[in-house]
Amino acid sequence: MRSLLFVPGDSEKKLEKGLTSGADVLLIDLEDSVSAERKAAARTIAADFLKSNRNQNSPRLFVRINDLTSGLADADLDAVMPSLPHGILLPKSNSGKDVTRLSAKLNVHEARAGATEGATQILAIITETALGTLSAASYPDATSRLFGLSWGAEDLSAVIGARAVRDDNGRYTDVFRLARALTILGASAADVAAIDTVYINYKDDDGLARECAEAERDGFTAKLAIHPAQVPVINRVFTPSAEAIAQAQKIIQAFADDPSAGVIGIDGLMFDRPHLRRAERLIARVGAV
């Protein structure tokens, strides 16, 4: 998984276009991109789209529901869970307790639909509130459904009253850099994927590529997208290169050949157990792609 594309849940045209975008995951949105007047229509459209495409050769289909405090989440789940999405994106998660609560709701819906318990995965956005940002360490053992954590800057800026999320040079200011870092650490603590937030200037391919490269360098393995045009850039950057794959395979093979070794020399370079773990994670990403 490299790219996760948001698509408004009330637009049949954009949903169909999303299928050919090349995104690894489509995030069918019932939250921010859908007005209050269109919520009911979006639920129906999303459910029909899931029924028609869930078992096709298409991206994995997730649904972003409204947050658990909105009073809308249960109606969202009632509408889409009979169509069995591959996963649910939970916005404004305040802690691992929210993910556990959502998992319990999914247990009920899966039982009603005759689905295997635990089949529906959860991705949580954890920095859209101050409490959520400060609770990044609470996700280990929240639920086995959890497969990734992501972050967002815009909602957090509104909550804390920040006038901007980036400085004059286009870099995130300290509060948002902290939220980003906590997401990586929280995901690592929970042993799930760290997914970078959106890049809102969808016409700036160079800026997007730079941000993707920095995210991949720092430990993110995927990125959210808001426009189909962003998907090829994201996929390119988050796909490990042939050279990186070959190096990782060498490291793994070297430790397999000498299981008792703590340090291995390869091509004049020394590699220890943390390098082995990193190599294994990279190969796992390749397999997922």
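Because the structure is a prediction, the values reported are computed rather than measured.
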Colleague: Answer yes if the side chains of Ser93 and Tyr139 hold a donor-acceptor pair under 3.5 Å, and no otherwise.
Modeller: yes
Colleague: Indicate yes or no: at least one non-hydrogen side-chain atom of Ile264 is less than 4.5 angstrom from one of Asp272.
Modeller: no
Colleague: Please state whether the rings of Tyr172 and Phe176 are parallel, tilted or perpendicular, taking 30° and 60° as the class boundaries.
Modeller: tilted
Colleague: Just wondering, do Asn94 and Ser135 contact through their side chains at under 4.5 Å, heavy atoms?
Modeller: no
Colleague: Quick check: is Val165 connected to Leu208 through a chain of hydrophobic side chains (ILVMFWY, heavy atoms under 4.5 Å apart)?
Modeller: yes
Colleague: Is it the case that more than 12 heavy atoms not belonging to Asp141 sit under 6.0 Å from its CG atom?
Modeller: no
Colleague: Using the rule that Ile, Leu, Val, Met, Phe, Trp and Tyr join whenever any side-chain heavy atoms are under 4.5 Å apart, tell me whether Ile122 and Leu224 fall into a single cluster.
Modeller: no
Colleague: Does some side-chain heavy atom of Leu123 sit less than 4.5 Å from a side-chain heavy atom of Val192?
Modeller: no
Colleague: State yes or no: do Val25 and Leu146 share one hydrophobic cluster built from I, L, V, M, F, W and Y residues joined by side-chain heavy-atom distances below 4.5 Å, directly or via other members?
Modeller: no
Colleague: Could you check whether the rings of Tyr202 and His227 sit parallel, tilted or perpendicular, using 30° and 60° as the cut-offs?
Modeller: parallel
Colleague: Could you check whether any side-chain heavy atom of Leu89 comes within less than 4.5 Å of a side-chain heavy atom of Ile125, counting everything from C-beta outward?
Modeller: yes
Colleague: Got more than 12 heavy atoms from elsewhere within 6.0 Å of CZ, Arg171?
Modeller: no
Colleague: Would you please say whether a donor-acceptor pair under 3.5 Å links the side chains of Thr239 and Asn235?
Modeller: no
Colleague: So, for Leu15 and Gly9, which heavy atoms are closest and what is the spacing to 0.1 Å?
Modeller: CD1-O, 4.0 Å
Colleague: Answer yes or no: is there a donor N or O on one side and an acceptor on the other, between the side chain of Thr197 and the main chain of Trp151, under 3.5 Å?
Modeller: yes
Colleague: Does Asp76 reach the main-chain N or O of Asn66 with its side chain, forming a donor-acceptor pair under 3.5 Å?
Modeller: yes
Colleague: Do Leu72 and Val99 share a hydrophobic cluster (ILVMFWY, side-chain heavy atoms under 4.5 Å, transitive)?
Modeller: no
Colleague: Among the clusters formed by ILVMFWY side chains lying less than 4.5 Å apart, do Val198 and Ile65 turn up in the same one?
Modeller: no
Colleague: Which value, rounded to the nearest 0.5 Å, describes the distance between Cys212 atom SG and Arg2 atom CZ?
Modeller: 11.5 Å
Colleague: Between Leu26 and Arg60, is there a side-chain heavy-atom distance shorter than 4.5 Å?
Modeller: no
Colleague: In Å and rounded to the nearest 0.5 Å, what is the CD1 to CZ distance from Ile88 to Arg64?
Modeller: 12.5 Å
Colleague: Are the side chains of Lys105 and Asp74 in contact, using a 4.5 Å heavy-atom criterion?
Modeller: yes
Colleague: Answer yes or no: is there a side-chain heavy-atom contact under 4.5 Å between Thr129 and Leu156?
Modeller: no
Colleague: Between the main-chain N or O of Val7 and the side-chain N or O of Ser11, is there a donor-acceptor pair closer than 3.5 Å?
Modeller: no
Colleague: Taking the side chain from His86 and the backbone from Phe62, do they hold a donor-acceptor pair closer than 3.5 Å?
Modeller: no
Colleague: Just by distance, no angles: are the side chains of Thr127 and Thr133 close enough, under 3.5 Å, to form a donor-acceptor pair?
Modeller: no
Colleague: We want to know whether Asn107 and Arg145 form a side-chain donor-acceptor pair, criterion being a heavy-atom distance below 3.5 angstrom.
Modeller: yes
Colleague: Hey, what do you get for CG (Asp155) to CD1 (Ile160), rounding to the nearest 0.5 Å?
Modeller: 11.5 Å
Colleague: For Arg38 and Asp10, indicate whether the former's side chain and the latter's backbone hold a donor-acceptor pair under 3.5 Å.
Modeller: yes
Colleague: Under 4.0 Å between a Lys/Arg side-chain N and an Asp/Glu carboxylate O for Glu31 and Lys39?
Modeller: no
Colleague: Looking at Ala47 and Ser83, what are the two nearest heavy atoms and their distance?
Modeller: O-OG, 3.0 Å
Colleague: Quick one, Ser260 with Asp258, criterion side-chain hydrogen bond (donor to acceptor under 3.5 Å, both in side chains). Give me CA distance, side-chain angles, the key distance, then yes/no.
Modeller: CA-CA 6 Å; Ser260 64; Asp258 189 358; 3.3 Å; yes
Colleague: So for atom CD1, which belongs to Ile200, do other residues, nucleotides or ligands contribute more than 12 heavy atoms lying within a distance under 6.0 Å?
Modeller: no
Colleague: Evaluate whether atom CZ of Arg177 has more than 12 neighbouring non-hydrogen atoms of other residues, nucleotides or ligands under 6.0 angstrom away.
Modeller: no
Colleague: Quick one: does Ser21's side chain have a donor or acceptor within less than 3.5 Å of a partner on Gly18's backbone?
Modeller: yes
Colleague: Could you state the interatomic distance from CZ (Phe6) to CD1 (Ile28), rounded to the nearest 0.5 Å?
Modeller: 12.0 Å
Colleague: Could you pull out the closest heavy-atom pair between Leu77 and Pro82, with the gap in Å?
Modeller: O-CD, 4.0 Å
Colleague: Going from CZ on Phe271 to CD1 on Ile252, what distance comes out if it is rounded to the nearest 0.5 angstrom?
Modeller: 12.0 Å
Colleague: Is Lys250 paired with Glu243 through a side-chain N to carboxylate O contact shorter than 4.0 Å?
Modeller: no
Colleague: Looking at every non-hydrogen atom in both residues, tell me the closest pair between Pro140 and Ala137 and how far apart they are.
Modeller: CD-O, 3.3 Å
Colleague: Ignoring hydrogens and angles, state whether a donor on the side chain of Glu110 or Thr116 is under 3.5 Å from an acceptor on the partner side chain.
Modeller: no
Colleague: For the pair Ser103 (side chain) and Thr100 (backbone), establish whether a donor and an acceptor sit closer than 3.5 Å, ignoring hydrogens and angles.
Modeller: no
Colleague: Just by distance, do the side chain of Ser52 and the backbone of Phe49 share a donor-acceptor pair under 3.5 Å?
Modeller: no
Colleague: Working to the nearest 0.5 Å, report the span between CD1 of Ile226 and CG of Asn201.
Modeller: 8.5 Å
Colleague: If you look at every heavy atom in Ala73 and Leu68, which pair is closest and at what distance?
Modeller: CB-CD2, 4.1 Å
Colleague: Return yes if some donor-acceptor pair links the side-chain N/O of Ser188 with the main-chain N/O of Ile184 below 3.5 Å, else return no.
Modeller: no
Colleague: Could you check whether Arg180 pairs with Asp218 (Lys NZ or Arg NE/NH1/NH2 to Asp/Glu carboxylate O, under 4.0 Å)?
Modeller: yes
Colleague: Check this for me, if you would: do Lys223 and Glu216 make a salt bridge, where the nitrogen-to-carboxylate-oxygen distance has to be below 4.0 angstrom?
Modeller: no
Colleague: Check for a donor-acceptor pair, side chain of Ser3 on one end and backbone N or O of Asp24 on the other, with a separation under 3.5 Å.
Modeller: yes
Colleague: Indicate yes or no: at least one non-hydrogen side-chain atom of His275 is less than 4.5 angstrom from one of Phe255.
Modeller: no
Colleague: Identify the two heavy atoms, one from Arg166 and one from Thr173, that lie closest to each other, and give their separation to 0.1 Å.
Modeller: C-CG2, 3.9 Å
